[in-house]
Enquirer: 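After the structure tokens below, expect a handful of questions from me.
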Amino acid sequence: MPELMTYEREYGVAIITIDSPPVNALGHAVRSAVVEAFEKAAQDKDVDAIVLTCGGRTFFAGADITEFGKPMKSPHLGEMLDVIEASPKLTVAAIHGTALGGGCETALCCNYRIAIPSAKIGLPEVNLGLLPGAGGTQRLPRLVGVPIALDMITSGKPINANTALDYGVFDKLADEVALRADAVAYARALVDNEAPKVRVRDREDKIAEYKGNIEVFDNFRKKNARKFRGFKAPENIIKCIEAAVELPFDESIARERELFMELMGSIESAAQRYVFFAERQTAKVPDVPNDTPTRDIKRVGVIGAGTMGGGITMNFLSAGVPVTLVEQTEEALDRGVGVIRKNYESSVRKGRMSMDAVETAMGFINPTTELEALGDADLIIEAVFEQMDIKKEIFGKLGKIAKDGAILASNTSYLDIDEIAASTNRPQDVMGLHFFSPANIMPLLEIVRGENTSKDLINTAMVLSKKIRKTPVLSRVGHGFIANRVMTVRGKQANMMALQGVSPADIDRVIFDYGFAMGPFQMFDLVGLDVIGRDANEKTVASELVARDRLGQKKNGGYYDYDENRKATLSPLAMDIIKEVADEKGVDQISADDDEILARLLYPVVNEGAKVLDENIAIRGSDIDIACIKGYNWPVYRGGPMFWADTVGLDKIVATLSDFEKRFGEAFTPSPFLEKCAASGERLSQVVNE
Ligand code: 3H9
């Protein structure tokens with residue numbers, strides 16, 4: 001372990017270096033060390049200025065999140081910052097890596113900031129359901145003005161060094177490899193030139209013009225209403241910046257504290273902090289340590305240029321990995337490649353990508369109708385129809401075509417990876433890589449581990465997922481794996497309730513109000529009823545709608561009719577069909593209020609999650625949450641189904657499920673594992689299958 005704090009002196013400048021791996025989080029030991037060092041420098045008569053810097057990979061990445069929720073030990077972050085700000089010697093923060101949250105706030109308490117060109121700075125607390133609670137909402141607007149501060153703090157996105165220099169957050173850029181020397185020289189020069197000891201808190205020039213300007217805040221609220229829906233932190237952040245403009249510093253910082261504490265006690269923030277750590281857990285597999293060897297993936301093959309195959313391909317092209325894309329016919333291939341280009345070009349229109357980058361990405365694609373062209377691929381991902389016999393045939397051929405050591409993966413959503421693996425001569429090289437639609441956008445990647453999948457495949461997939469910017473979640477083989485399996489029950493219950501006479505519009509509204517972007521019927525219409533209803537062997541509302549050429553948004557509407565602006569109204573025809581199907585099946589008509597609608601839709605998801613844990617399909621309860629958040633946009637401030645269930649109370653969920661079981665049948669029978677957790681007080685979000 002490096003020394004936590006070193007104190008050196010050069011040219012009359014004290015250099016305080018903190019080195020607390022991995023990210024120099026401002027935990028109690030670090031705060032104490034900083035205070036001690038600043039007090040020492042204050043007394044040090046050979047010192048005129050102080051450089052505060054960090055060792056390791058980054059400047060302070062923020063408060064230590066693991067301390068949240070526990071009693072805070074003095075010196076608190078605010079106390080530490082007071083010591084820095086009150087320093088009798090001129091102070092310079094020397095920044096590399098990412099100065100985030102409390103790290104940014106620390107830098108803002110120094111008189112000057114110097115950073116290397118690769119450094120970033122920002123206030124990402126909003127992503128934890130919090131606000132910068134150590135003066136960030138008060139000092140940043142004083143440097144950058146109100147509009148930029150509103151954007152930066154409510155988005156949580158860090159800015160790069162050049163932008164920070166432009167905005168006046170950084171005062172100077174250092175040489176990329178000479179931060180320490182440049183910082184010392186800068187501090188020395190500032191002292192020699194009698195530069196003022198600027199305290200950001202005293203500056204008013206960037207905020208004065210916003211005094212009494214309510215509009216700038218209200219317009220910002222209106223513009224972002226959709227984005228902020230359900231989250232508590234953005235509104236509190238806006239209030240803090242209003243206070244920064246309207247109140248004297250000492251009063252507004254007290255207001256910041258109050259609004260910070262309010263968030264700290266909220267379930268929303270607890271959920272988002274849980275998600276932060278849960279996301280970092282998913283790549284950890286108990287019997288596959290991080291030092292397990294990985295296979296080199298230099299070239300990828302994708303079989304199938306349809307919606308999924310195309311989306312999967314884009315992930316690799318964007319990461320600069322060449323892809324051989326295989327289709328059966330030239331027409332299908334041209335169509336697939338055309339869609340990929342169109343998707344990229346739409347990113348250009350949205351300003352997210354340059355045309356040059358599109359051409360670079362497209363240059364990595366090698367379209368072909370020859371399966372044999374996959375002979376040099378290190379990883380082959382099959383993304384064809386969900387039919388076992390077709391998949392087996394392909395994997396049988398791949399066993400002969402693929403080079404030794406190539407990974408053979410299926411993007412199947414439901415099928416048995418072990419059965420697919422058995423059709424090759426190398427089951428140890430077979431795994432599932434399950435992407436979520438649209439595959440170029442949705443961040444979840446389920447890594448499916450078959451009975452014989454070798455461990456290095458799993459580690460390779462974990463590493464690869466980072467490269468293509470996906471969040472990996474490991475699943476054992478089981479119908480629907482994790483995310484689809486637990487979420488399918490929600491769709492089933494939505495259909496059942498509609499047949500019982502509950503309006504699809506009410507069901508969608510309840511789910512929207514819970515925090516999802518849309519309800520199940522809106523989603524069915526968006527995905528396409530032909531896709532949803534394809535596998536149905538029985539008469540369903542969706543299949544009846546399709547029979548009347550109503551495919552959803554893409555053709556004639558579905559559950560809803562859509563006007564030219566895509567504004568939806570519930571379709572009278574769909575309602576007639578629902579009634580017709582319900583009558584034919586003899587479904588009793590039963591009304592439900594909003595609470596019951598929510599419970600009937602989401603408690604079965606919790607129950608299914610408990611089964612997934614019990615069957616060892618998922619390693620952790622938190623992995624299920626991440627799968628639902630990243631694959632189905634489960635609202636992050638609810639923490640996912642398992643965390644949410646813990647906040648509702650497992651006792652209550654079991655009792656409600658038992659009641660539903662009596663009224664509606666075995667679809668609601670509580671899983672014995674859920675009952676066990678409810679009885680023992682174990683939290684689903686904390687379950688780990690070792
Ligand atoms: C705050 O500052 C509040 C204040 O305003 C007010 C207070 C009064 N604490 O992500 P990585 C761990 S709120 C504790 O894999 P990367 C992380 O869990 C804070 N631990 O690396 C992981 O542990 P493990 C505002 C932390 O290189 C390891 O470090 N700041 C913290 O991909 C490596 O992390 C933030 O929200 C922390 N603050 O990314 C920044 N941060 O190895 C949050 C990380 O055991 N952090 N860890 O799994 C990040 O965004 C990224 O970690 C960072 C590095 C960009 C820094």
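Counting convention: from 1, in listed order, for ligands and their atoms alike.
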Enquirer: Below a 4.0 angstrom heavy-atom separation, can you tell me which part of Ala63, side chain or backbone, both or neither, approaches ligand 1?
Expert: both
Enquirer: Pro132 heavy atoms, cut-off 4.0 Å: which ligand 1 atoms fall inside?
Expert: 5 (O)
Enquirer: Between Glu242 and Arg221, is there a side-chain N and carboxylate O pair less than 4.0 Å apart?
Expert: yes
Enquirer: Below 4.0 Å, non-hydrogen atoms only: which portion of Leu128 touches ligand 1? Side chain, backbone, both or neither.
Expert: side chain
Enquirer: Of the side chain and backbone of Gln281, name the one, both, or neither that has a heavy atom under 4.0 Å from an atom of ligand 1.
Expert: neither
Enquirer: Heavy-atom contact check, 4.0 Å cutoff: does Pro124 meet ligand 1?
Expert: yes
Enquirer: Identify, by atom number and element, the atoms of ligand 1 in contact range of Glu105, meaning under 4.0 Å from any of its heavy atoms.
Expert: 4 (C), 5 (O), 6 (C)
Enquirer: Could you go step by step and tell me if Thr163 and Asn160 meet the side chain to side chain donor-acceptor pair (under 3.5 Å) rule?
Expert: CA-CA 6 Å; Thr163 309; Asn160 64 33; 2.8 Å; yes
Enquirer: Pull out every atom of ligand 1 sitting under 4.0 Å from any heavy atom of Phe277, numbered as shown with elements.
Expert: 18 (O)
Enquirer: For the residue pair Phe516 and Tyr514, does the interplanar ring angle fall in the parallel (under 30°), tilted (30 to 60°) or perpendicular (over 60°) class?
Expert: parallel
Enquirer: Atoms of ligand 1 less than 4.0 Å from Pro22 heavy atoms?
Expert: 28 (C), 29 (O)
Enquirer: Considering only heavy atoms of Gly62, which atoms of ligand 1 have at least one such atom less than 4.0 Å away?
Expert: 2 (O), 30 (N)
Enquirer: Minimum distance, heavy atoms only, to atom 7 (C) of ligand 1: which one of Phe260, Phe60, Phe276 is it?
Expert: Phe260
Enquirer: To check your reading of the model: name the closest protein heavy atom to atom 56 (C) of ligand 1, its residue, and the distance in Å.
Expert: Ala61 CB, 3.5 Å
Enquirer: Applying a 4.0 Å heavy-atom criterion (strictly less than), which segment of Val23 is in contact with ligand 1: side chain, backbone, both, or neither?
Expert: side chain
Enquirer: Have a look at Leu52 and tell me which of Ile84, Ile15, Val92 forms a side-chain contact (heavy atoms from CB on, under 4.5 Å) with it.
Expert: Ile84
Enquirer: Any chance you could measure Asp623, atom CG, to Glu446, atom CD, to the nearest 0.5 Å?
Expert: 10.0 Å
Enquirer: Between ligand 1 and Ile65, is the shortest N or O to N or O distance under 3.5 Å?
Expert: yes
Enquirer: Do Pro234 and Asn236 have side chains that approach each other closer than 4.5 Å (heavy atoms only, starting at C-beta)?
Expert: no
Enquirer: Considering Lys466, Arg280, Arg257, Met261, which one's heavy-atom position lies nearest to atom 11 (P) of ligand 1?
Expert: Arg280
Enquirer: When you compare ligand 1 with Leu130, is there at least one nitrogen or oxygen pair between them that comes in under 3.5 angstrom?
Expert: no
Enquirer: Give the numbers and elements of all ligand 1 atoms closer than 4.0 Å to a heavy atom of Lys284.
Expert: 24 (P), 45 (O), 48 (O)
Enquirer: In the protein, what heavy atom is nearest to atom 50 (O) of ligand 1, and what distance, to one decimal place, separates them?
Expert: Leu100 CD1, 3.9 Å
Enquirer: Considering the heavy atoms of Asp64, write down every atom of ligand 1 situated less than 4.0 Å from one of them.
Expert: 9 (N), 14 (C)
Enquirer: In ligand 1, which numbered atoms sit nearer than 4.0 Å to a non-hydrogen atom of Gly101?
Expert: 2 (O), 25 (C)
Enquirer: Cation-pi between Arg226 and Phe228: NZ/CZ under 6.0 Å from ring centre and within 45° of the ring axis?
Expert: no
